[in-house]
Each structure stands twice: as C-alpha cells, then as structure tokens.
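Below: the structure, in structure tokens.
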Amino acid sequence: MTKPERARHAAAPRPAQPQAVSASPVIRTRTKLRSVPPAAEPSLALYEQVKEHVTRRIQDGTWPPGHRLPSEHELVAQFGISRMTANRALRELVEQGRIVRVPGVGSFVAENKPQSTLLQIANIASEIRARGHDYGYRLLSASRVSAPADVAAWLDLRAGESVFHTVCMHLENGVPVQLEDRYVSPRVVPAYLDQDLSATPPSEYLVRHVPFDQIEHLVDAVLPNTEQADRLHMGAADPCLLLTRRTWTRGVPVTVVRCLHPASRYRLGSRFRADGNPSST
C-alpha cells in the first residue's frame, strides 16, 4: 500500500465495534428459614385443669368463701371428663384446704381456716361469733359410765370407777368443726349431769362453776374412725387435728376432753409475749 493509500485508509471511518454483551446479573435470593416454635408443654392432666379452674375463681373472688361449687355431674358435663376425674380434682382441693365437701349437700369454697388458741381454754362459740358466723351446738349423748383405763388414769380414779361422759358437736355456719368427747370427774363436779347440757355446752358450764388453775394441751394428727368421720361429714381418709385437754383445780383433775377437728376446716395455734402472758391469734 502506497503512502497516499495508507493516509486515506487511516482517515476512513472505522466500523463500529460490537459492544460486549454483559452477562445477565445474577439475582441472589436469600431464603430466610422460618424458626420452628418450641413444642408446647404437655397439657395439664384433666383433673389438674379442673383444679386450676376452681382455684382461679376462688383467688379472683368470683367464688367467695361459702360459695357452692358445681357438682361432680356438672363438672363432668362442662369439661367432658369422667366422674372419677372430677372426684379426684375435688378431693385434692379438699386436701389443700381450698374447699369443703359436705356429703349429701355439696362442695363449698372453704373459709379461711380459723385458729384456736392453745394457751387458754378457748370458747369456740365466742370465736365463731367473733368471725361474724353462725354458731351451732348439739348434745349427742350424756351418761354415767365405767371409766376406761386411760381416762381413770388421767382423772386419778380407780379402774372401773364411774365417770360422767358427754359427746357434743360444734358447728360453724351449719358445718361441723369440732367433735367434743368429754369425761368429767364426779368427785369434783357431782352435779354435772343435773344441768341442761343440751342448752349450755359443757365447757361453758365448767368454766363458770369450777375454777381451774392448771391446763394441759396435747395436739396430734389423726385419722377419724368411721363414726367420727360420719358425724363430722368428712372422709375417713381425711386428716384431723386432735386436741386433748386436761384441767385441774387445786391439783385435782376435773375433766379430760378430746376435741376432734377436720384439718381442712380448723387450725390450732397461739402467740405469747415474752412475759409469758398468752395472746390469742
């Protein structure tokens, strides 16, 4: 190529070069893994659900003390459970002191457990009325019997010597709270059975007419026998508090009494000052 040709070739417009085709952009997606919620805790057992239902209504005040609970039949229909399950729930609520069951009547929200003093002879009628509740009393039996060996020893009597024996029931709002089984020495209180003990409870009569100067209290946790459980409207497997009290006047035994309380309805206790003077709580 001559020099003029090379000049013309250099001046000629060059064909446009094809542009490089860029690769399609890579679209990256990030898949967000959905977290799997932890497995729910196993649901409460059916009887626990019933207990929780009842407890919640008691605690929030929907069912106040004395309120009648749904019957076993009603709980069975409401929760779709067996009667055995409903019975277990109610039974455990009784054991926890949240409700009381009166055979043939129903189940009720328990009152706050009343507490009776141990450092003095408490008047159960006054205690119940002081709480604004109705006090009830029934004399179940009154007789003169041959003293059992333990009673004869407690009252310093000869084995087989006759002794006065009374049994009575104390009730709070119509519910039995104390079964009183008492023996009284005829040597100290000869006119005991001459009194109208169906109108005046034995403890009130004795406190008014026989001054005492010593008291002994013993407390035991026991199970009631069949007769006691029936009288107290409670199950034979439900625990009781047994208060055994002896009193003396001038060193001579006056009476020994066993007071049986359903543990779910009553408690025993005292508060005292450092000077030794009792203070009831």
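Computation of the quantities below employed the complete heavy-atom set of this structure, encompassing side-chain atoms and omitting hydrogens, waters and symmetry-equivalent molecules.
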Please report the shortest heavy-atom distance between Tyr137 and Thr200, naming the atom on each side.
OH-O, 4.1 Å
Run the side chain to side chain contact (heavy atoms under 4.5 Å, CB included) check on Met234 and Cys240 step by step: do they pass?
CA-CA 10 Å; Met234 61 184 296; Cys240 286; 3.4 Å; yes
Test salt bridge (charged side-chain N to carboxylate O under 4.0 Å, His left out) on Glu72 and Arg101; report intermediate values, then the result.
CA-CA 11 Å; Glu72 282 186 12; Arg101 304 185 76 184; 2.8 Å; yes
Are Val94 and Val54 connected in a single hydrophobic cluster, I mean Ile/Leu/Val/Met/Phe/Trp/Tyr linked by side-chain heavy atoms less than 4.5 Å apart?
yes
Listed partners of Arg258 passing salt bridge (Lys or Arg N to Asp or Glu O under 4.0 Å), at least two apart
Asp150
CG on Asp181 to OG on Ser141, rounded to 0.5 Å
7.5 Å
Does some side-chain heavy atom of His233 sit less than 4.5 Å from a side-chain heavy atom of Pro262?
no
Could you go through Gln49 and Leu46, starting from their C-alpha distance and side-chain angles, then the distance that decides it, and tell me whether this counts as side chain to side chain contact (heavy atoms under 4.5 Å, CB included)?
CA-CA 5 Å; Gln49 293 179 28; Leu46 292 177; 4.0 Å; yes
Is Arg129 close enough and on-axis enough to Tyr135, meaning under 6.0 Å and within 45°, for cation-pi?
no
Would you mind checking if Glu161 and Arg187 are paired as a salt bridge, meaning a charged N to carboxylate O distance below 4.0 Å?
yes
How many angstroms lie between CG in Leu232 and CG in Asp238, if you round to the nearest 0.5 Å?
10.5 Å
Mind checking whether Trp63 and Val175 sit in one hydrophobic cluster, side chains of I, L, V, M, F, W, Y counted as touching below 4.5 Å?
no
Checking Asp213 against Arg250 for the side chain to side chain contact (heavy atoms under 4.5 Å, CB included) test, could you report, in this order, the C-alpha distance in whole Å, the side-chain angles of both residues, the deciding distance, and whether it holds?
CA-CA 7 Å; Asp213 49 31; Arg250 298 179 181 179; 4.2 Å; yes
Heavy-atom pair of closest approach, residues Asp194 and Pro190
OD2-O, 4.5 Å
Same cluster or not: are Val184 and Val151 linked, directly or through other Ile, Leu, Val, Met, Phe, Trp or Tyr residues, by side-chain heavy atoms under 4.5 angstrom apart?
no
Give me the atom names and distance for the closest heavy-atom approach of Thr247 to Phe212.
CB-CB, 4.3 Å
Take Val188 and Thr249 through the test side chain to side chain contact (heavy atoms under 4.5 Å, CB included) and record every step on the way to the result.
CA-CA 9 Å; Val188 183; Thr249 180; 4.0 Å; yes
Cut-off 3.5 Å, side chains only: do Thr255 and Arg246 have a donor facing an acceptor?
no
Out of curiosity, does Val105 fall in the hydrophobic cluster containing Val100 (side-chain heavy atoms, cut-off under 4.5 Å, transitive links)?
yes
Side chains of Arg138 and Leu171 in contact at under 4.5 Å (non-hydrogen atoms)
yes
In one Ile/Leu/Val/Met/Phe/Trp/Tyr side-chain cluster, 4.5 Å: Leu75, Ile99:
yes
Close side-chain approach of Arg182 and Ser203, heavy atoms under 4.5 Å
yes
Rounded distance [0.5 Å steps], CG in Asn87 versus OG in Ser82:
9.5 Å
Once ring pair (Phe, Tyr, Trp, His ring centres under 6.0 Å) is applied, do any residues pair with Trp154, and if so which ones, sequence neighbours excluded?
none
Side chains of Glu180 and Val257: does their closest heavy-atom pair fall under 4.5 Å?
yes
Sort out for me which residue in Glu127, Arg131, Arg265, Gln178 forms a side-chain contact (heavy atoms from CB on, under 4.5 Å) with Glu172.
Arg131
Any carboxylate oxygen within less than 4.0 angstrom of a Lys/Arg side-chain nitrogen, looking at Glu92 and Lys51?
yes
Closest non-hydrogen contact found for Ala110 with Pro65 is O-CB, 3.9 Å
Below 4.5 Å, heavy atoms only, C-beta onward: do Leu242 and Thr244 meet side chain to side chain?
yes
Whether Glu204 side chain and Pro201 backbone form a donor-acceptor pair below 3.5 Å:
no
Closest non-hydrogen atoms of Pro186 and Arg144, given as atom of the first, atom of the second and distance, are CB-NH2, 3.6 Å
Show which side-chain atoms of residues 219-227 pair as donor or acceptor with protein atoms under 3.5 Å away, not counting sequence neighbours.
unit_1	atom_1	unit_2	atom_2	d
Asn225	OD1	Glu227	N	3.1
Asn225	OD1	Gln228	N	2.7
Glu227	OE2	Arg231	NH2	3.4

Separation between CG of Leu241 and CG of Leu260, rounded to the nearest 0.5 Å:
8.5 Å
Quick one: does Val50's side chain get under 4.5 Å of Ile81's, heavy atoms only?
yes
When you compare the side chain of Leu157 with that of Val163, does any pair of heavy atoms fall below 4.5 Å?
yes
When rounded to the nearest 0.5 angstrom, what is the spacing between OG in Ser107 and NE2 in His67?
11.0 Å
Could you tell me the separation between the CD1 atom of Ile128 and the NE2 atom of His133, rounded to the nearest 0.5 Å?
9.5 Å
When every non-hydrogen atom of Ala89 is compared with those of Tyr47, the smallest separation belongs to CB-O, 3.5 Å
Any luck finding a side-chain donor-acceptor pair between Arg57 and His53 under 3.5 Å?
yes
Taking atom types as modelled, is there a side-chain donor on Thr166 or Tyr192 under 3.5 Å from an acceptor on the other?
yes
Hey, are the side chains of Arg245 and Ile215 touching, using non-hydrogen atoms and a 4.5 Å cut-off?
yes
With distance as the sole test, does Ser146 use its side chain to make a donor-acceptor pair with the main-chain N or O of Gly160 at under 3.5 Å?
yes
